[in-house]
Amino acid sequence: MKASPDVGTFAGSVAERIRAWGVVGTVPRAIVAGLIVFAALFIVVIANPPDENGVGSWRTTNNGSAIDDPGSFVANLLDAATLAGWLFIVASGFSLIFGLMRVVNMAHGAFYVLGGYVAYEVQQRMTADTPGFIPGELVNTWEWLVPMAVAMICIGALGLVVQQGFLRWNQGQDLRQALITIAIAVIIADQVTAHFPRSGAFQVGGGNLATITWPGWTERRIDLHLAGVNYSLTRLVILALGLAVGVLLWLWLHRTRTGVIIRAGVDDRQMTSALGINIQRTFAIGFVVGSSLAAVGGTVGASQGGVTSGQDGLWLLYSLIVVIVGGMGSLLGAAAGSVLVALVLTFSASYLPSTGNPAGIECCTQYSITFTFVLIALVLAFRPQGLFGKAA
Amino acid sequence: MRKTAWDPKTVAERGLGLGAVVVALLGPVIFSAYFTSTVLTQTFIFGIAAASLIFLSAYGGMISLAQTALMGIAGYVIGNLVTKGGAGGETKGLVLGWDPTLALVLALVITTAVGLILGAVASRSFGIYFLMLTLTFGVIANYFFGQVTKLGGFSPIAGINQYTPPFVGDILGHPDKLYYIALGTSLVVYVVMRYLVRTPFGLSLQGLRDEPVRLGSLGYNVPLHRTLAFGFAAFVAALAGVLLVWWDGQIAPQNLGLGATIDLLIIAVIGGLGRLEGAWLGAFAFIVINNYVRDIQFPFASEKGVLPWVGGSFNTVIGVVFLVIVLVSPDGLMGIWNRMWDAVRRRGGPSQGVETREPAAEAGT
Amino acid sequence: MRLGRWKLLLPLALLVAFCTVATSGALATPAQSGEVRVAIMTDCKGGFGFAYELDIGGAQAAFSQWGGGKVTNKNKPSAGMTGIKAGGKRVNIVGYGCGDDTAPTALKETRRLMEQLNADVMVGPLSGDEAVAIANYAKTKPTKTFIIGTAGSQDPTMQIAPKNMFRYHGDGAQWNAGIGELAYKRLGWRNAAIIMDDYSFGWTSAAGMIADFCAVGGKITKRVFPPLNNADYAAFVRQLPAPDDVDGYFWAVGGNTPGSLTAFEQAYGKADPKQFIGNLFFAFLGNDKVVAPKFVGSYIGGFGTGPGLKTPQAKQYERAVTTRYPKLPVADGFVYNYYNAAWALVLGLNKSGGQVGAALQRAMPRTLKSGYEVSDGGNVRLDVRRQAIQDQYQLQLAKNADGTIGPQVVAYVPNVDQSFGGLFKPSSPPPGRSQPACKKQKTPWQGKLKAVKNGVITKTTIK
C-alpha cells in the first residue's frame, strides 16, 4: 500500500504531493503557508508603531516592524533564542526518556521544581556566611555550579529509584506508566509544598518561592554592536548553557558506546535487546540523564525568577509541547521544537497587534500563550509526528 | 469465548448492576442529603463524562483528553445564554437571558459541532499524538474562556441553575430533581452506548481500533468513522457539561483546566478503561476518596488525612491511593473484577497472563 | 517481579476498606444542638498555598483572644483549637478548607464545609475568584453566614453583595488607594506605565493604582498584560517604555513578581527603585533574597495592615497574636484580616446570644476596633453593602535593623471606601483590562494623606 503523503515523508516533488493531497489536502496547507508568509511580512514590514496619541489599530505593534525598530527586533530574536535554550535544557531530558522508553514522564515538571529547591538549599548553605541576602556580587561561579551539580545528582538518583521501582517491570504499557508518573508527580508536588524551604518559620507571604542568585559577573548587559542593542549577559549564559547541553548530548549519543546503544534503542528496542545488549541498564542510564537535565532546568528557572510548587504542571506542559512539535526521540527534534515554541511565544508577545487606546489595551499580546497553543495544534494536525519525528 | 446468558459472571454483573440501580433510585430515602446531592449526583455527572472517554478508548482506541474541555464548552454556552444582566444580575459573560430550553439545545449542538471539527482535525493522528492534540485543545479552551473576558473571564459565571427549562423545573429548591435527572441520563447514556457498539458503526469502530490499516484497505473511511465517534463522545460530554452547570450553578475556566482533565483521566483509569461500567465506578471511587480522605486518621500520623512519617497533606494520600491502584491493577476496578472471576474460574489460583498486553516487550525484563 | 496472591488480596482489601469509608461517610453526622459550627476557608495549594497556616493562625488567635480558645500547637495553627465560647455557646471549628485560588475548587470545598460538615458560618475565603464563587453560593444559602478572609475581588460586596456576606477589610483596589497620589506628589510622577497579570487579581490590584493616580492628574500611558502561566517575562517587559521615557512603573503582577523584575533588569539594566511602585506582592519580596535588595526604596501598595505602627490598639493586636502563635508574622495581611473576620464573628455571636442564621447576620458588628485603624475612633466601618471602609497604609520597602528587608509604613490614607468616591458602582463593570479608564476626579482622601515616620502618624500632609 502506498504510503500516504499525510504521513509526512518529504519524498516526492511538490507537484507530486499536491496531486496526491487533492483539493481537500492542499487548500488548508496553502492557507497555513500563506499565513506564515503574511506573519513574517507583518513583523518585518507591515507593522507600525502606535500613532502620536498612543492609539493602536490592527497594524500597530508595540515598537513597529523590524524596519521601524531593528533594535527591538534583534532583542526579541535574542530573547527567543535564550528562551529556546532554557526550554531545550528541560525538554531534552523529557525527549530522551520519551524517545528511548516511550515513557511519558509526567513527573518531569515535578523533577524540575524539586531540582530548583535542592539547588536553592545548597546555595543557601554555601553562602551562609553572608546572612540575609545574597547580592550578586558576592556569588561566584562555583556557588552556582555546585548547587546545580548537587541538584543533578539528587534528581538523577530519584529518577533511578522511580524507574527501577515503578517503571521497569511494566515496559510497554504506555498509559499505565504515564499514570504512575502522574501519581508520583502529585506526591512530589505535595511533599515539596510541605517541606520546602527549610527555614522553619512561617513564610512572610510569597511563601515557598525559592530563588537562586546568578554568579555576579553575569549581571550586566553587553553591547552587541548590532542595531544598538545592549543585551543581558545572563540570558546569553542561558543560551550558552543550552548549547553546551546540546553539544554534550550530541557527543554522548554519537561518540560514546552507551550513546550509540541508546540511539539504537530509540530506533528499534527489540532488535537491540535481541543483539544481547543489556537494554535495561541502558534504560536506567537514559532515565537518570533525563531527570538530571530536568534538575538543570530547575536551577536555571530558580535563577530566573524562582521556582514554586505550582510550576510543575506548566513545565511539564512546555516539555510535552516542545517534544511533540519537534518530534520525539531525536535531539534535533527537541532543539527544533524549543526554537519554534520559543519563537512563537516571544514574537507573539511582541508583535501581535496592539489595538485600542492606549495601544494594546484590548488586544492582542495577552493572548500570546493561547496563540502559541493554536499554532501547536496546527502543527499537530498537519504533521502529527512533529517536525523531525519519524512516522509513527 | 462466547458468553451465554447463564454465565455466572454475567449473571453476577447484571444482578449487581440492577441492585445498584435500585439503591440509586431509592437514594434520597436511604442516604443523607449531602451524600445524595453531592457525592452521588457528582458520580453520575462525572460518570457520564468518563463514559464518553471510555467509549472512545475501549471501542475506538482513542484516548481523548478533550472531554473535560467539551463539558466546559457546553457549560459556557449555557452560562452565557441563560444568565441575565442588569441590577442584581450576573456581570460576567454575555448575559443574553435567552430561553433555557433553547440554550440547552444550542449547548448540545454547538459542543457536538466543536467535537466533530476537533475530531476531523485529529482523526489522522493515533496514539500519543492524538492524546497530545486533545490535550492541547483542552489547554486552548481553558485559556480562551479565561482571557476572552466577554465570554466569562477568570471569575465564574454564576447563578446558572436559576434558569432551567420547564421540564426540569426548580432544582435549587429540589435538589433531588437533578439527582434523578442525572441518574436517568446516566442510564440512557449507558444503554445507548451498549447498543451503539453492536451496530455496524460500532463494530467497524472496534475494527479500526484494532487494525486501522486493514480496515482502510477494505474501503472503510477511517477518518470519517473516528470523527463521528468523536462527535458522539462530544455529545455525551455535552450532556455531562449541562448537568454540571445545573448542579454547580457556576462555570469557570478551571473547570476546563489541566487539573480537571487529569482528574477525569484518573476517574476513567480507576474505573477501568476497558469497560463502560468503569466510568461510574471510577467516578464514585474518586469522589468518595476526595471527600472523605481528610477524615481518616492514619496510625502514627500527626493529624487526620495525613500520612505518617512522610507528612504532607491529604493530597499526598490521594496520590498514593492512585499510585497503588494503578500499580496493582492497570485495568482499574473493573479489571480487578474481571480477574476475580478469572481466578474463580481457575479455582483459586490468581491469573498469570492478564496484565501482559505485549509479551514481546517483557522479553527484556 | 510477581506479587502472587497479593495481586488479588490487596485490591480486595482496598475495596473493603473503601466501601467501609464510603458507607460510614454516607450517614450524616447529626449536628450537636447548642453548638456553633465554624469553618475556616483558605488556600493550601496554588499561588497562595503558603497562606494556609497564616490564615488559620490569625483567625484562631482572635478566637482565643475574644472567645477563650486554647491553642493546640503553638507552632502549627492547623492542629486546631478547642474551648472557644461565644454568646454562651460552644464554638466548634469543624474544618479547614483547602482551595487553590480557583472558583471550582473553592465551591467544592465550600460545599464540603457547609453541607457535609454542616458549618453555620464560614470565615474566608482567601482569594478573589474564590470569593466571587462563594458569594454566588451564599445567595442560595441565606441561613449560612460568610465573613470574607482576605479576598480582594470587588464583586462580592459591590455587584453581588448577598445579605449574608461580610467583609471587614478593603478590596484589592482599596488596598492601593493613595499610592497613586503618593507617586504624583512625592515622586513627581506625571505619566506611568502599568504591568499587571492578566486575570482578576491583577486587574483589581491595578484598578486601585490607576484610579488613584489618574484621579490626581497622572496619566497611564501604557498597560501591559502578561498572561497567566507565563514562564518568560522578557517580551512583556519590553513592551514597557524604557526607563528614560516614562516617570515610573506600576507593578501589579502576582506570584511571578520576582521573575518579572529580574526580566526587567535583564532588559533595561539596573532598576531605580524610585521608578517602581508595586502591589502587595512587593511586600513579600523580603522573602526573595535576590531581588529584594535591588528594590529597597520602592513604594508598595498596602494590604490593609500598618506594620510597625506604634498605637496602643496596634500593640494590643500584635500581643494577642504573638502570645498564641509566636512565629506568626503579625503585620502580615493574611493574619490580620482573618483575625478581624474571626473577631467580628465572636462579637456577632455574643450579641445574638449564640444564634446563627438571620439573627447572627443582624447582630454582626457594623464597626470593629481593628488593630491598625486610626480613623473613626479606631474603627473599621461597614458600608450599606457590608463592605469595610478602612484606613489604608502605603508602604515602602526598607532595610530593617536586623538586616532583613521588609515593608515599612510611610503614608496613611484615611477612610478608603470601595467606590473610590463614586468611580466604582454596582452598575459599573468590575475591574478589567480597560476598567477603570484614566479619569481625573476627586477621591475622598485626595489631599488628606499623612506622612508616617517610625510608626507614628505625623500631622504632615503629603503635598
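All heavy atoms count here, side chains included; hydrogens, waters and symmetry mates do not. By convention in this document, chain letters (A, B, ...) are assigned in the order of the sequence lines, proteins followed by strands, and residues within each chain are numbered from 1.
- Neither the backbone nor the side chain of C/N73 comes within less than 4.5 Å of any heavy atom of chain B.
- Using a distance-only test at 3.5 Å, with no hydrogens or angles considered, a donor-acceptor pair links the side chain of C/R37 to the main chain of C/N118.
- When all heavy atoms of B/P28 and B/D176 are compared, the closest pair comes out as CB-OD2, 3.5 Å.
- Residue with the most contacts toward chain C among B/N161, B/N291, B/L172, B/V39: B/N291 (heavy-atom pairs, distance under 4.5 Å).
- For the atom pair CZ (C/F48) and CG (C/D100), the distance works out to 12.0 Å, reported to the nearest 0.5 Å.
- For chain B, no part of C/E130 is nearby; none of its heavy atoms comes within less than 4.5 Å.
- If you measure heavy-atom distances from B/N290 to chain C, you find no contacts under 4.5 Å at all.
- In this structure, the portion of C/P430 lying under 4.5 Å from any heavy atom of chain B is its side chain and not its backbone.
- When each of B/G146, B/S155, B/G173 is scored by its heavy-atom pairs under 4.5 Å with chain C, the top score falls to B/S155.
- For B/R339 and B/D342, the salt-bridge test fails: no basic side-chain N is under 4.0 Å from an acidic carboxylate O.
- When heavy atoms are compared at a cutoff of 4.5 Å, C/Y96 approaches chain B solely by way of its backbone atoms N, CA, C and O.
- For the set B/I251, B/L40, B/D248, B/T38, the entry with the most heavy-atom pairs within less than 4.5 Å of chain C is B/D248.
- For B/T36, no part lies near chain C; criterion is any non-hydrogen pair under 4.5 Å.
- In terms of modelled atom types and a separation under 3.5 Å, the side chain of B/Y143 and the main chain of B/P253 share no donor-acceptor contact.
- To the nearest 0.5 Å, atom CE of residue C/M158 and atom CD of residue C/Q387 are 8.0 Å apart.
- For C/R111 and B/W247, the positive end sits near the middle of the six-membered ring, less than 6.0 Å away and at most 45° from its axis.
- Atom CG of C/N136 and atom CD of B/Q250 lie 5.0 Å apart (nearest 0.5 Å).
- In terms of heavy-atom pairs under 4.5 angstrom with chain B, the leader among C/P429, C/A135, C/G80, C/C98 is C/C98.
- Neither the backbone nor the side chain of C/S427 has a heavy atom closer than 4.5 Å to any heavy atom of chain B.
- Ranked by heavy-atom pairs shorter than 4.5 Å toward chain B, the options C/A131, C/A133, C/G95 are led by C/A133.
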